[in-house]
Peer 1: 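Pasting a structure here, questions to come.
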Amino acid sequence: MTAITSVKGTRDFYPEDMAFQRWLYASIRAVSEQFGYQEYDGPFLERVDLYAARSGDELVREQSFVFPDRSGELIALRPELTPSLARMIAARSRVLPRPIRWWSFGPFWRYEQPQRGRSREFFQWNIDLLGVNSPEADAEMAAIAAAFLGRVGLGPDAVRILINDRRLAELQLQSIGIPTAQQSAVFRLIDRRDRLGPDAWEAEARRTGLEGRQLEQLQAALADREAWRTSDELRRFFRAAEALGAAQYLEYDPTVIRGLDYYTGTVWEARDAAGEYRAILGGGRYDDLISAVGGDPIPGTGFAMGDVVIRLVLEKYDALPKLRTNPADLMIASFEVESLEPALQLAARFRSAGLRVEWYPQADRLPKQLKFADRQGIPLVAILGPEEIGSKQVTLKNMQTGNQESVAIELAIARVKELAAAQARPSA
RNA sequence: GUGCCUGUAGCUCAAGGGUAGAGCGCCUCACUGUGGAUGAGGAGGCUGCGGGUUCGAAACCCGUCAGGCACCCCA
């Protein structure tokens, strides 16, 4: 094949895909603003050093698109936003009023093996609350996630938000007698428990250096769904989440750890109830990140959601919205060569009045034009043929009801606006 | 980056060494001023790409690219 193919792991966005992206963005914006968050964005290109400091070096070493610029400096296509956020906050840490509530939606790149729910170029919603180190702030983040899920039609029966706290997890490991040096290895082990079978996991646990008694205690801790009660932070977290109306989505899950190294407190993720897909969204508390990139210490908490998994889950639960891909309020049909010019004039008048107007550009048969309008989902067709022109009228056909009426051309704009408003209401 | 599976029409899939098919979609017509329904007809393929085996390859072999599954990691 001589055709140049698309880059591995990238997606083409046809109009129907774009309609979904716009809908997703609109939903994200609505929920973010509902909680008073401000939109921002960082650059798509960053120095590799920004990520090297933290993130977990696998992310930058193995999974970033990195290239030297013309001066030889290593540049990365951003694999995540939180370090850029930390840099931006650090740069103005003395002047930004706190708390800082910011959200963003934009493209990211990771050099991964593409799979279902995983691409190399994806969009991600990031939302963070900085300057507040309280369980109630963490609960707000979870409540935002819950509000979003509810808004897009995914109820608590379809999606669960699973919560843990690394401070609690660390205490549990200490009480089992696992030395601090071994902690991150054990965290990684816990993180993989669902993916490995029980036998493979135990073998892996022994390889990590856990003795029989420690292994038993670890198993017991991971099975204890009530351990959150021993944590002040988690008790306050769940109480606040309850007050915020998000409790139905939430569950304490001691096996949730998350891979990123910079999390210092709560860690959590949302998964479909059947456990079929990857995490829909994930986040947690990161209290040391701002100081790590050179700012005053500012605590932070937040989460990120990719556009790929959420779409799969929406499809699975039949919650994908039916979206129009054609924005036109009406199409003008004119099927005699002599009526093309009056049709163009009418289109111009409609547009001047603020209407979105598509003009059918050929003198094709009327059935063909109506079929086109139907397939495009255009709600209204203005027919301007010799009969209408002769009587200075235009025929307006409602494509959903099939009703049509003749209107004097001077009155057409007002009438079309009425009809368009009536159309817009049910679908809004 | 590693292992396994799969690439046939726009989509979902048949044909498992001997002329490449179906359903859906698309186009045309019935209906040259009225869409969706129905019927009839039509277009569309170097079987992902490159090489090999064979009289003959969509099929068998090798490579490569892409997708899927698992690992790794994560949105």
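Numbers restart at 1 for each chain; the letters A, B, ... are given by sequence-line order, proteins then strands.
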Peer 1: Since syn is defined as within 90° of 0, does B:G16 count as syn or as anti?
Peer 2: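 B:G16: syn glycosidic orientation.
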
Peer 1: Mind jotting down which residue pairs meet the ring-ring contact (aromatic ring centres under 6.0 Å, His included) criterion with at least one end in residues 128-162 of chain A? Sequence neighbours excluded, please.
Peer 2: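 Residue pairs with at least one partner in residues 128-162 of chain A: A:Trp125-A:Phe148.
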
Peer 1: Write down the partner of B:A66 under the Watson-Crick or G-U wobble criteria, each distance required to be under 3.5 Å.
Peer 2: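 Base partner found: B:U6.
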
Peer 1: If the P atom of B:G36 is compared with that of B:U47, how far apart are they to the nearest Å?
Peer 2: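 B:G36 and B:U47 have their P atoms separated by 36 Å.
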
Peer 1: What is the nucleic acid contact for A:Ser334, judged by heavy atoms within less than 4.0 Å: base, sugar-phosphate only, or nothing?
Peer 2: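 Answer is nothing: A:Ser334 stays at 4.0 Å or more from every strand.
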
Peer 1: Among B:C73, B:G33, B:A66, which nucleotide sits nearest the side chain of A:Lys8?
Peer 2: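 Within the option list, the nearest is B:A66.
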
Peer 1: Any base atoms under 4.0 Å from A:Gly282, or only sugar-phosphate, or nothing? Heavy atoms, all strands.
Peer 2: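 Since only primed, P, OP1 and OP2 atoms lie under 4.0 Å of A:Gly282, the category is sugar-phosphate.
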
Peer 1: Is A:Lys368 close enough to B:U28 that one of its side-chain N or O atoms is under 4.0 Å from OP1 or OP2 there?
Peer 2: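 Answer yes for this pair, as a side-chain N or O of A:Lys368 is under 4.0 Å from OP1 or OP2.
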
Peer 1: How long is the line joining CG of A:Asp191 and P of B:C71, in whole Å?
Peer 2: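 So the two atoms are 12 Å apart, to the nearest Å.
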
Peer 1: Counting the atoms with a prime plus P, OP1 and OP2 as sugar-phosphate, which does A:Pro386 contact under 4.0 Å by heavy atoms, base, sugar-phosphate, or nothing?
Peer 2: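 Since a base atom lies under 4.0 Å of A:Pro386, the category is base.
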
Peer 1: If B:G35 has a Watson-Crick or G-U wobble mate with both distances under 3.5 Å, name it; if not, just say none.
Peer 2: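 Across all strands, not a single nucleotide pairs with B:G35.
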
Peer 1: Any ion pair linking A:Glu112 and A:Arg120 (charged N to carboxylate O, less than 4.0 Å)?
Peer 2: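 No, no charged N to carboxylate O under 4.0 Å.
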
Peer 1: Please report, rounded to the nearest Å, how far the C1' atom of B:C71 is from the CZ atom of A:Arg278.
Peer 2: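 That distance rounds to 11 Å.
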
Peer 1: From the options B:G35, B:C73, B:G33, select the nucleotide whose nearest atom is closest to the side chain of A:Arg188.
Peer 2: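 Of the options given, the side chain of A:Arg188 lies nearest B:C73.
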
Peer 1: For A:Leu396 and B:U34, what is the distance between atoms CG and P respectively, to the nearest whole Å?
Peer 2: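 Distance, rounded to whole Å: 18 Å.
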
Peer 1: Picking from B:G33, B:G68, B:A70, which would you name as closest to the side chain of A:Gln113?
Peer 2: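 The answer is B:A70.
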
Peer 1: Base, sugar-phosphate, or nothing for A:Gly9, non-hydrogen atoms under 4.0 angstrom?
Peer 2: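 Since only primed, P, OP1 and OP2 atoms lie under 4.0 Å of A:Gly9, the category is sugar-phosphate.
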
Peer 1: Considering only NZ, NE, NH1 and NH2 on the basic side and carboxylate oxygens on the acidic side, decide whether A:Arg87 and A:Glu46 come within less than 4.0 Å.
Peer 2: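 Yes, A:Arg87 and A:Glu46 are salt-bridged.
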
Peer 1: Partner of B:A58 by Watson-Crick or G-U wobble geometry, both contacts under 3.5 Å, or none?
Peer 2: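 WC or wobble partner does not exist here.
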
Peer 1: Side chain of A:Arg365 only, please: which of B:U32, B:C73, B:A70 is the nearest?
Peer 2: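 Closest nucleotide to the A:Arg365 side chain: B:U32.
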
Peer 1: How far does the P atom of B:C4 sit from the matching atom of B:C61, given to the nearest Å?
Peer 2: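 To the nearest whole Å, 14 Å.
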
Peer 1: When only distance counts, do a donor and an acceptor, one from the side chain of A:Gln404 and one from the base of B:U34, lie under 3.5 Å apart?
Peer 2: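 Under the 3.5 Å cut-off, the side chain and the base do form a donor-acceptor pair.
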
Peer 1: Answer with base, sugar-phosphate or nothing: what part of the nucleic acid does A:Glu121 contact at a heavy-atom distance below 4.0 Å?
Peer 2: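 Since no nucleic acid heavy atom lies under 4.0 Å of A:Glu121, the category is nothing.
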
Peer 1: Can the ring centres of A:Phe123 and A:Phe108 be said to be less than 6.0 Å apart?
Peer 2: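 Ring centroids of A:Phe123 and A:Phe108 are no less than 6.0 Å from each other.
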
Peer 1: Between B:G33, B:C69, B:C73, which nucleotide gets closest to the side-chain atoms of A:Gln115?
Peer 2: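 Among the listed nucleotides, the one closest to the side chain of A:Gln115 is B:C69.
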
Peer 1: If we take the C1' atom in both B:A59 and B:C46, what is their distance in whole Å?
Peer 2: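 Each nucleotide's C1' atom is 16 Å from the other's.
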
Peer 1: Both distances under 3.5 Å, Watson-Crick or G-U wobble: report the partner of B:A40, or none.
Peer 2: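 Base partner found: B:U28.
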
Peer 1: How is A:Glu269 classified with respect to the nucleic acid when contacts are heavy atoms under 4.0 Å: base, sugar-phosphate, or nothing?
Peer 2: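 The residue A:Glu269 makes no contact with any strand.
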
Peer 1: Please give, in whole Å, the distance from B:A66 C1' to A:Arg116 CZ?
Peer 2: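 After rounding, the reported distance stands at 18 Å.
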
Peer 1: Taking B:A9 as the reference, what is the distance to B:G42 when you measure between their C1' atoms (whole Å, please)?
Peer 2: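 That atom pair is separated by 14 Å.
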
Peer 1: Can you name the residues that form a side chain to side chain contact (heavy atoms under 4.5 Å, CB included) with A:Ala246, not counting sequence neighbours?
Peer 2: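 For A:Ala246, the residues satisfying side chain to side chain contact (heavy atoms under 4.5 Å, CB included) (neighbours in sequence not counted) are A:Ala143, A:Ala146.
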
Peer 1: Could you check which nucleotide pairs with B:U47 in any of the strands shown, counting Watson-Crick or G-U wobble with both distances under 3.5 Å?
Peer 2: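 Looking at the geometry, B:U47 pairs with no nucleotide.
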
Peer 1: Taking only the P atom of each, what is the distance from B:A43 to B:U28 in whole angstrom?
Peer 2: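 Their P atoms lie roughly 15 Å apart.
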
Peer 1: Quick one: the side chain of A:Glu112 and the base of B:G1, do they pair up donor-acceptor inside 3.5 Å?
Peer 2: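 When only heavy-atom distances are counted, A:Glu112 does not reach the base of B:G1 through any donor-acceptor pair under 3.5 Å.
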
Peer 1: Can A:Arg22 and A:Asp17 be counted as an ion pair, charged N to O under 4.0 angstrom?
Peer 2: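 Salt bridge flag = no for A:Asp17 with A:Arg22.
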
Peer 1: Quick one: look up who B:G23 pairs with, Watson-Crick or G-U, both distances under 3.5 Å, and put none if it's unpaired.
Peer 2: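 Base-paired to B:C11.
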
Peer 1: With rounding to the closest Å, how many angstrom separate the C1' atoms on B:G48 and B:G7?
Peer 2: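 So the two C1' atoms sit 7 Å from each other.
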
Peer 1: Could A:Arg285 and A:Tyr263 be counted as a cation-pi pair, given that NZ or CZ must be under 6.0 Å from the ring centre and within 45° of the axis?
Peer 2: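 So A:Arg285 doesn't make the cation-pi contact.
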
Peer 1: Distance check needed: B:C11 P versus A:Asp17 CG, whole Å only.
Peer 2: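 Distance check: A:Asp17 CG to B:C11 P gives 13 Å.
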
Peer 1: Which sits closer to the 5' end of RNA chain B, A:Gly283 or A:Asp374, going by the nucleotide each is nearest to?
Peer 2: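 It is A:Asp374, whose closest nucleotide lies nearer the 5' terminus.
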
Peer 1: Please report, rounded to the nearest Å, how far the C1' atom of B:C72 is from the CD atom of A:Gln63.
Peer 2: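 Rounding to the nearest Å, CD of A:Gln63 and C1' of B:C72 are 8 Å apart.
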
Peer 1: In the strands shown, is B:C71 matched to any nucleotide by a Watson-Crick or G-U wobble pair with both distances under 3.5 Å, and which?
Peer 2: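 Per the H-bond distance test, B:G1.
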
Peer 1: Looking across every strand, which nucleic acid part, if any, lies under 4.0 Å from A:Ile383 by heavy atom: base, sugar-phosphate, or nothing?
Peer 2: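 If one applies the 4.0 Å heavy-atom cut-off, A:Ile383 turns out to touch a base.
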
Peer 1: Mapping A:Ala279 and A:Asp364 to their closest nucleotides on RNA chain B, which lands nearer the 5' end?
Peer 2: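 The residue closer to the strand's 5' end, by nearest nucleotide, is A:Asp364.
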
Peer 1: Tell me the interatomic distance from A:Ile257, atom CD1, to B:C72, atom C1', rounded to whole angstroms.
Peer 2: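 Rounded to the whole Å, the gap is 18 Å.
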
Peer 1: Give me the distance, rounded to whole Å, that separates B:C24 from B:G18 when you measure between the C1' atoms they each carry.
Peer 2: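 That atom pair is separated by 31 Å.
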
Peer 1: So what does A:Ala304 touch, heavy atoms closer than 4.0 Å: a base, only the sugar-phosphate, or nothing?
Peer 2: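 Sugar-phosphate, no base atom in range.
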
Peer 1: Any ion pair linking A:Asp41 and A:Arg78 (charged N to carboxylate O, less than 4.0 Å)?
Peer 2: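 A salt bridge links A:Arg78 with A:Asp41.
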
Peer 1: Distance check, P atoms only: B:U6 and B:G10, in whole angstrom units.
Peer 2: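 To the nearest whole Å, 23 Å.
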
Peer 1: Given A:Trp102 and A:Tyr37, is the ring pair (Phe, Tyr, Trp, His ring centres under 6.0 Å) satisfied, shown in steps?
Peer 2: CA-CA 5 Å; A:Trp102 285 6; A:Tyr37 284 65; over 10 Å; no

Peer 1: Would you mind reading off the distance between A:Phe372 atom CZ and B:G36 atom C1', rounded to a whole angstrom?
Peer 2: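 Atom-to-atom, A:Phe372 to B:G36, this comes out as 16 Å.
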
